[in-house]
Number of protein chains: 2
Amino acid sequence: MSKQGVSPPAVDLTADEPCCPPLAQRRVPAETAAVLAPAFKALGDPVRLQLMSMIASAEGGEVCVCELTPSFDLSGPTISHHLKTLREAGLVDAERRGTWVYYRARPAILRQLALLLTVELTPVA
Amino acid sequence: MSKQGVSPPAVDLTADEPCCPPLAQRRVPAETAAVLAPAFKALGDPVRLQLMSMIASAEGGEVCVCELTPSFDLSGPTISHHLKTLREAGLVDAERRGTWVYYRARPAILRQLALLLTVELTPVA
DNA sequence: TCTCTGATTCGACGGGCGTCGAGACAGGCG
DNA sequence: CGCCTGTCTCGACGCCCGTCGAATCAGAGA
């Protein structure tokens, strides 16, 4: 579903198939790191981590911004800015319906990040 | 480096038992987010992500700094700074043996981060 | 002890990030 | 149409972060 076939394969985080083996299994190459790091970076802020969780755990799979904002002691523009960051990191999707904007999580990329951090139960010992 | 026998229990990422359910299962509370976000933040830099991978995937479970540094076009102090960041995030441990310093991964925290990002295979659709 | 090598700390520089208020945009409703 | 509510964009501010070179620390060895 991606526009593969082109030269720069890079890493497609939106794809549903795993892009990379666990970080502890094989050295993450520089290009892969360059693609994955921004996703972790986006989760590297407490507010965004909570936002991500609120969105991902929402019933019906989506949340209105108007439900998100009042949960924080932050201005509307600031929440909007964080949501944009999550959006640009590919972690969430936004859709406007009437006056309200709804956000939903992108499970594929979350799964890939989880896979990357996976460690075998018996490392070697 | 583990000084401060602080009182606040907060969340212990070094513990072997899971501290928190998947982010998509239940809303991550603010205190938990405050503890977990720094770990993601530490992984949010391409160089640190590669370092983490090199350390975690190392044979024997540890790597000498002298093996890490030449893999990057960065000065020694810069690599040392990134390693310190990973250390302070609780992602790795350092041990000096003679002239050299060896780093090893802390699997427990990696597992907890992976668990946090875990999404069920059938969200809802 | 003196010296050499490996690693960290220190101080500085430039750019990026989180936050805000003010303003712009979108859409529903009188 | 005009207004109101919800959301985003735009500048601006201060702080943090990634990078460097120079200096410092830790051990090994002569």
Side-chain angles (χ1 to χ4, degrees), chain A residues 30 33-55 58 62-104, chain B residues 1-3 28 30 33-55 58 62-104:
Chain A
V35 176
L36 292 168
F40 285 119
K41 190 176 185 178
L43 295 176
D45 180 275
V47 174
R48 284 195 296 265
L49 194 53
Q50 286 182 79
L51 283 171
M52 188 68 226
S53 177
M54 294 172 74
I55 296 169
E62 61 180 18
V63 209
C64 171
V65 174
C66 59
E67 280 184 70
L68 264 21
T69 306
S71 297
F72 301 87
D73 271 342
L74 291 171
S75 69
T78 297
I79 298 298
S80 190
H81 160 71
H82 283 307
L83 289 171
K84 181 180 187 181
T85 302
L86 289 174
R87 229 186 306 136
E88 291 178 341
L91 290 164
V92 300
D93 261 338
E95 184 195 354
R96 166 162 232 131
R97 281 207 302 277
T99 305
W100 298 275
V101 176
Y102 295 87
Y103 279 78
R104 54 192 337 135
Chain B
M1 291 315 186
S2 56
K3 65 302 174 65
V28 171
V35 175
L36 291 167
F40 286 119
K41 190 176 186 179
L43 295 175
D45 179 276
V47 174
R48 284 194 295 264
L49 194 53
Q50 286 181 81
L51 283 171
M52 187 69 226
S53 177
M54 294 171 76
I55 296 170
E62 60 178 18
V63 208
C64 171
V65 174
C66 59
E67 278 184 71
L68 264 22
T69 306
S71 296
F72 301 87
D73 271 343
L74 292 172
S75 69
T78 297
I79 298 298
S80 190
H81 161 71
H82 283 307
L83 289 172
K84 181 180 186 179
T85 301
L86 290 174
R87 231 185 305 136
E88 291 178 341
L91 290 163
V92 300
D93 260 337
E95 182 194 355
R96 168 162 230 130
R97 280 208 303 278
T99 306
W100 298 276
V101 176
Y102 295 87
Y103 279 78
R104 54 192 338 134

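Sequence lines set the chain letters: A, B, ... in the order given, protein chains first and strands last, and positions in each chain run from 1.
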- prompt: How long is the line joining CD of B/Glu88 and C1' of C/dT8, in whole Å?
  reply: 12 Å

task: For B/Lys84 and D/dC17, give me the distance from atom NZ to atom P, rounded to whole Å.
output: 12 Å

d(CD, B/Glu95; C1', C/dG6) in whole Å: 16 Å

statement: Nearest heavy-atom contact between A/Arg96 and A/Gly98 is NE-O, 3.3 Å

query: Can you tell if the side chain of B/Leu83 reaches within under 4.5 Å of the side chain of B/Leu68, non-hydrogen atoms only?
result: yes

task: Taking all heavy atoms of B/Ile55 and all of B/Tyr103, pick out the closest pair and write down the distance.
output: CG2-O, 3.7 Å

Give every pair of a protein N or O atom and an N or O atom of nucleotides 15-20 of chain C that lie under 3.5 Å apart, one pair per line with the distance.
unit_1 : atom_1 : unit_2  : atom_2 : d
C/dC17 : OP1    : A/Lys41 : NZ     : 3.1
C/dG18 : OP1    : A/Arg48 : NH1    : 3.1
C/dG18 : OP1    : A/Arg48 : NH2    : 2.7
C/dG18 : OP2    : A/Arg48 : NH1    : 3.2
C/dT19 : OP2    : A/His82 : NE2    : 2.3
C/dC20 : OP2    : A/Ser75 : N      : 2.8
C/dC20 : OP2    : A/Ser75 : OG     : 3.0
C/dC20 : OP2    : A/Thr78 : OG1    : 2.7

- line: Between CZ of B/Arg96 and P of C/dT5 the distance, given in whole Å, is 16 Å

query: If you look at every heavy atom in A/Pro38 and A/Ala33, which pair is closest and at what distance?
result: CD-O, 4.3 Å

task: Would you kindly give the OH-to-C1' distance between B/Tyr102 and D/dG27, to the nearest whole Å?
output: 13 Å

message: Taking A/Gln50's backbone N and O only, do any of them form a donor-acceptor pair with A/Arg48's side chain (distance below 3.5 Å, no angle check)?
response: no

query: Checking all strands, does A/Tyr103 fall into the base, sugar-phosphate, or nothing category for heavy-atom contacts under 4.0 angstrom?
result: sugar-phosphate

Side chain of B/Trp100 - closest among D/dT7, D/dG6, C/dG6: C/dG6

task: Take atom CZ of A/Arg97 and atom C1' of D/dC8, then tell me their distance rounded to the nearest Å.
output: 18 Å

message: Tell me whether the side-chain N/O atoms of B/Thr99 come closer than 4.0 Å to OP1 or OP2 in D/dG27.
response: no

Distance, rounded to the nearest Å, where B/Leu68 contributes CG and C/dT8 contributes C1': 15 Å

query: Looking at B/Val63, B/Val65, B/Thr69, which one forms a side chain to side chain contact (heavy atoms under 4.5 Å, CB included) with B/Glu67?
result: B/Val63

